[in-house]
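Inspection log for the structure reproduced underneath, given as structure tokens.
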Amino acid sequence: MSASNRPVVTRIAPSPTGSMHIGTARTALFNWLYARHTGGTYLLRIEDTDRERSTEAAVGVILEGLKWLGLEADAPPVFQHARADRHKAEVLRLLDEGRAYRCFMSVEELAAERERARAEGRTIRSPWRDRDAPVSSNDPFVVRFKGPLEGETVVDDLIKGTVTFANKELDDLVLLRTDGAPTYNLAVVVDDHDMAITHVIRGDDHLSNTARQTLIYQAMGYDLPAFGHLPMIHGEDGAKLSKRHGAQAVGEFADMGYLPEAMRNYLARLGWGHGDEELFTDSQAITWFDVKDCIRSPARLDWAKIAHVNNHYIRLADEGRLADLVTVAIAANGEAGGEDTRARLMATIPLVRDGAKTTLELAELCRFALLKRPLALTEKGLALLTQETRGRLARLAQSLVCADDWTVAGLTATLRAFAENENIGFGKFGPALRAVLAGVAPGPDLASALAALGKIESLARINDALSQSQ
RNA sequence: GGGCCCUUCGUCUAUCGGUUAGGACAUCAGAUUUUCAAUCUGGGAAGAGGGGUUCGACUCCCCUAGGGCCUGCCA
């Protein structure tokens with residue numbers, strides 16, 4: 001069976017050498033979407049052939065990142081390093097078949113050849129390619145792939161289209177290192193074959209490698225999977241995404257108060273689109289997604305848009321979940337909540353969530369409701385409490401005591417009626433009431449603030465201020 | 001140096017030879033107004049440059065410019 005008519009199997013194959021890049025997250029998302037779209041399988045492989053740089057902690061970061069994003073693989077991860085024997089066996093087979101050779105070039109010789117090659121505008125060549133190894137085999141060697149010198153290799157890419165490489169431009173990849181360990185380019189091919197991957201969807205930084213890998217596939221006698229190379233994600237200035245662009249790791253987005261479903265939606269729109277659709281559910285994305293609809297050009301991260309999408313999902317999110325996230329944010333801020341924190345949050349969140357772009361902002365918007373009585377008024381707040389406004393607040397308190405419709409609508413009406421009775425505008429008592437109710441913390445409009453605090457707390461805060469010495 | 005990829009409003013994108021080049025975010029103006037938001041209404045904003053092909057090009061071809069990737073015993 002050729003790769004094209006087998007059930008779809010995709011994979012995300014990150015290397016555990018640090019954090020989980022946002023680009024990796026998008027690649028995972030697209031692989032996941034495509035697998036779901038086709039009813040196929042989505043796998044995870046940890047590319048840890050580089051023993052120096054791979055760490056267990058980094059594996060944990062990847063696993064956590066995928067879990068947070070809701071993009072967990074359909075099977076336990078495959079660790080590339082654990083398959084080294086299999087990789088080695090396949091290289092030995094190639095060696096037997098004369099499709100690979102031992103190269104005894106020293107690092108110095110290699111460096112010199114590299115320099116010559118560059119100067120001559122060609123790719124490097126090993127003198128051991130067509131030489132019979134003098135098997136004085138105590139000398140260290142690497143095994144290189146013996147690629148064709150003529151002809152061309154065509155990569156039929158689902159996204160980039162047909163890309164042609166002249167074989168003479170392709171160097172003989174190292175398959176096995178001096179210590180006998182397999183290299184990435186060899187391991188990916190063997191693993192993707194063994195894992196029955198039908199669609200290799202990855203970053204286009206691998207496009208050039210794909211030609212070389214294609215040659216290995218052919219030499220191994222493997223069926224070629226379909227390839228789709230996604231353009232990279234850049235920072236807001238168009239340069240490669242790096243530290244100075246703010247977050248680039250998935251975990252950072254979580255810490256900054258972004259919701260995973262918002263990230264999925266935003267990331268899906270980076271390099272892919274479906275008409276004018278901007279905000280959509282996972283199942284819509286799954287229905288619509290196809291690798292061949294991916295965009296060919298690189299995209300830039302747009303923080304304002306991420307914020308907008310995140311706000312959309314904060315509006316949709318379950319209040320209990322938001323309360324949990326806000327609680328975490330508050331704790332991270334070193335502010336311990338009281339016993340009734342959760343109740344207060346549940347009352348406040350519905351009234352302020354529309355203005356929050358992140359859950360961190362949501363926490364900030366909820367802060368006024370969590371303040372402990374009596375509130376410490378700032379100078380500014382104190383200044384608002386003149387003889388006149390005190391009188392008004394006292395009278396307002398009376399009408400609030402009588403108010404039995406303690407909802408935003410009811411309170412709005414009460415406040416209106418009060419202003420009318422007093423024959424004043426909101427400006428004459430609004431700021432003072434705000435200061436008394438919320439201190440200096442940002443908050444919603446007055447009626448919402450009163451509604452969020454509840455009758456007892458609201459009146460208590462007003463009375464606190466009124467009874468404070470002038 | 002060599003090979004390959006990419007190029008529509010500030011940003012993400014739609015268009016798949018014929019459109020007043022559409023949408024979203026951002027931005028600006030106005031409305032609302034008790035702060036910050038939110039909300040509503042309206043506006044400005046694009047085919048990198050140059051050649052072709054064609055009755056007709058954002059769309060196809062070539063060149064140039066700019067950006068990116070590979071050129072590692074990293075992945």
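Quick note on labels: first sequence line is chain A, next is B, and so on, each numbered from 1. The structure presented is a predicted model; accordingly, all values stated were derived computationally and were not measured.
Each of A:I124 and A:A304 was assigned the nucleotide of RNA chain B with the nearest heavy atom; the assignment lying further toward the 5' end belongs to A:A304. Both A:A117 and A:D50 lie close to RNA chain B; mapped to their nearest nucleotides by heavy-atom distance, the more 5′-ward contact belongs to A:A117.
Taking 4.0 angstrom as the limit, A:R315 places none of its side-chain polar atoms (N or O) nearer than this to OP1 or OP2 of B:A37. Residue A:R114 has a polar side-chain atom (N or O) positioned under 4.0 Å from OP1 or OP2 of B:G72. For the pair A:R212 and B:A75, the criterion of a side-chain N or O lying under 4.0 Å from OP1 or OP2 is not met.
Judged as a side chain to side chain contact (heavy atoms under 4.5 Å, CB included), and not counting sequence neighbours, the contacts of A:E120 are A:R116, A:R122. Partners of A:D354 according to the side-chain hydrogen bond (donor to acceptor under 3.5 Å, both in side chains) rule, which considers only residues two or more places apart in sequence or in another chain, do not exist here. For the side-chain hydrogen bond (donor to acceptor under 3.5 Å, both in side chains) test, no residue two or more places apart in sequence or in another chain qualifies with A:T49. Listed by chain and residue number, A:Y101, A:R129, A:D130 satisfy the side chain to side chain contact (heavy atoms under 4.5 Å, CB included) test with A:K146 (two or more places apart in sequence, or in another chain). Considering only residues two or more places apart in sequence or on other chains, A:A100 meets the side chain to side chain contact (heavy atoms under 4.5 Å, CB included) condition with A:L94, A:L95, A:V143, A:L175. Scanning for salt bridge (charged side-chain N to carboxylate O under 4.0 Å, His left out) contacts around A:D48 gives A:R51, with sequence neighbours left out.
Near RNA chain B, defined here as any heavy-atom distance below 4.0 Å, there are no residues from residues 408-424 of chain A. Near RNA chain B, meaning a heavy atom under 4.0 Å away, the residues from residues 353-363 of chain A are A:D354, A:G355, A:K357.
Pairs engaging residues 153-187 of chain A under the ring pair (Phe, Tyr, Trp, His ring centres under 6.0 Å) rule: A:Y184-A:H206 [sequence neighbours left out]. Residues in residues 414-429 of chain A take part in these side-chain hydrogen bond (donor to acceptor under 3.5 Å, both in side chains) pairs, two or more places apart or across chains: A:R395-A:E422.
Screening A:T164, A:N167, A:T214 for a side-chain hydrogen bond (donor to acceptor under 3.5 Å, both in side chains) involving A:T153 leaves a single residue, A:N167.
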Within the 4.0 Å limit for protein heavy atoms, which parts of nucleotides 58-64 of chain B are touched? Write it as a string from 5' to 3', B for base, S for sugar-phosphate only, - for none. -------

Quick one, give me the B/S/- string for nucleotides 4-13 of chain B, reading 5' to 3', where B means a protein heavy atom under 4.0 Å from the base and S means that only happens at the primed atoms, P, OP1 or OP2. SSSS---BBS

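Nucleotide B:G72 holds its C1' atom 19 Å from the CZ atom of A:R51, rounded to whole Å.
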Chi angles and distances behind the side chain to side chain contact (heavy atoms under 4.5 Å, CB included) call for A:R11, A:V200: CA-CA 7 Å; A:R11 48 61 159 192; A:V200 173; 3.6 Å; yes

